[in-house]
Amino acid sequence: MPDAVDTSGWWSSILRRARERDVERVLLYDRSRRSVLAAWFAARGQGTVTPLLADYLKALLGAVLGFWLLAWPLEAWLAWDRVAVYAALGLVFSLQVTHHAYRLAKDPAYTVRRCNCGGSRQDDTKAVLTSRAGTIAGLPVSWLGAAVYAALLITASSGQVGAERALAVTGVLASAYLAFVMVARIGALCTTCINVAALNVLIASRVLG
């Protein structure tokens, strides 16, 4: 009889441990499933970065090619300086962005016309201009761009190579930072900003090349 009791207790202990291990496996599976789902949703949430970057690079390449083709006959036939042409275009675009920024500051309902050049859904100049990255000390960043291009027009005509190179590097770095902000933080593209970035690339390639 005592052997039967000992055997029964031993068997109950085995069953209890088996049930405990089953519960542990279920809990481990549940934790693993939740971790995988959380990682999947996080990756899905960040999945817009890659296509947005592709849209940015596509628009940038198209703008670079377009502005290069525009400046080529002006240099070849009219002997206009390419840097001056690019700087003049950059000044116009900077003033255009400044106009939009001030209109948005006065009227949040103001609509910036889209050209869908940077992707059908991601082209949102208004979102970029109204973001924190759109201003410095309360002034639109485009004012800084306008000042740089005005200075480039002066240096291009006066032959100040050192100052011209410094301004070209400043423009490229500013455009690179703004590109990062648009793609990684704001999640929207400003077509005019991309045009300015293309002009900065062309200026830098001309001045530093």
Apart from Leu61 itself, members of its ILVMFWY cluster (side-chain separation under 4.5 Å) are none
Residue pairs passing the side chain to side chain donor-acceptor pair (under 3.5 Å) test with at least one member in residues 149-159, sequence neighbours excluded, are Tyr149-Asn200, Ser158-Gln160
Stepwise side chain to side chain contact (heavy atoms under 4.5 Å, CB included) check, Val64 with Leu202 = CA-CA 7 Å; Val64 167; Leu202 289 168; 3.8 Å; yes
Sorted by chain and residue number, the side-chain hydrogen bond (donor to acceptor under 3.5 Å, both in side chains) partners of Thr192 (sequence neighbours excluded) come out as none
NZ of Lys126 to SG of Cys190, rounded to nearest 0.5 Å, is 14.0 Å
Here the pair of heavy atoms bringing Leu52 nearest to Ala188 is CD2-N, 3.8 Å
Please tabulate, for side-chain N and O atoms in residues 82-96, each donor-acceptor pair with protein atoms closer than 3.5 Å (sequence neighbours left out).
{"unit_1": "Arg82", "atom_1": "NE", "unit_2": "Glu75", "atom_2": "OE1", "d": "2.7"}
{"unit_1": "Arg82", "atom_1": "NH1", "unit_2": "Tyr86", "atom_2": "OH", "d": "2.8"}
{"unit_1": "Ser94", "atom_1": "OG", "unit_2": "Gly90", "atom_2": "O", "d": "2.8"}

Sorted by chain and number, sequence neighbours left out, side chain to side chain contact (heavy atoms under 4.5 Å, CB included) with Ala176 holds for none
Side chain to side chain contact (heavy atoms under 4.5 Å, CB included) filter on Ala174, not counting sequence neighbours, yields none
Side-chain donor/acceptor pairs under 3.5 Å, residues 134-141, sequence neighbours excluded:
none

Rounded to the nearest 0.5 Å, the CD1 atom of Ile194 sits from the OH atom of Tyr56 at a distance of 6.0 Å
Report whether Leu152 and Val172 are members of the same hydrophobic cluster (ILVMFWY, side-chain heavy atoms less than 4.5 Å apart, transitive linking).
no
When rounded to the nearest 0.5 Å, the distance separating CZ of Arg185 from CZ of Arg132 is 9.0 Å
Is there a path of hydrophobic side-chain contacts, each under 4.5 Å between heavy atoms of I, L, V, M, F, W or Y residues, that connects Leu53 with Leu178? yes
Scanning both residues in full, the closest heavy-atom pair of Asp81 with Ala156 reads OD2-CB, 3.8 Å
Residue set satisfying side-chain hydrogen bond (donor to acceptor under 3.5 Å, both in side chains) with Tyr177, at least two apart, ordered chain then number -> none
Applied to residues 161-172, the salt bridge (Lys or Arg N to Asp or Glu O under 4.0 Å) test, sequence neighbours excluded, yields none
message = Side-chain heavy atoms nearer than 4.5 Å, only ILVMFWY residues, links allowed to pass through others: does that put Trp68 and Leu78 together?
response = yes
With sequence neighbours left out, the residues meeting side chain to side chain contact (heavy atoms under 4.5 Å, CB included) with Leu65 are Leu69
Sequence neighbours excluded, the answer for side chain to side chain contact (heavy atoms under 4.5 Å, CB included) partners of Ala133 is Ser131, Val181
Note: with side-chain heavy atoms under 4.5 Å as the link, the other cluster members for Val112 come out as Val97, Leu104, Tyr110, Leu129
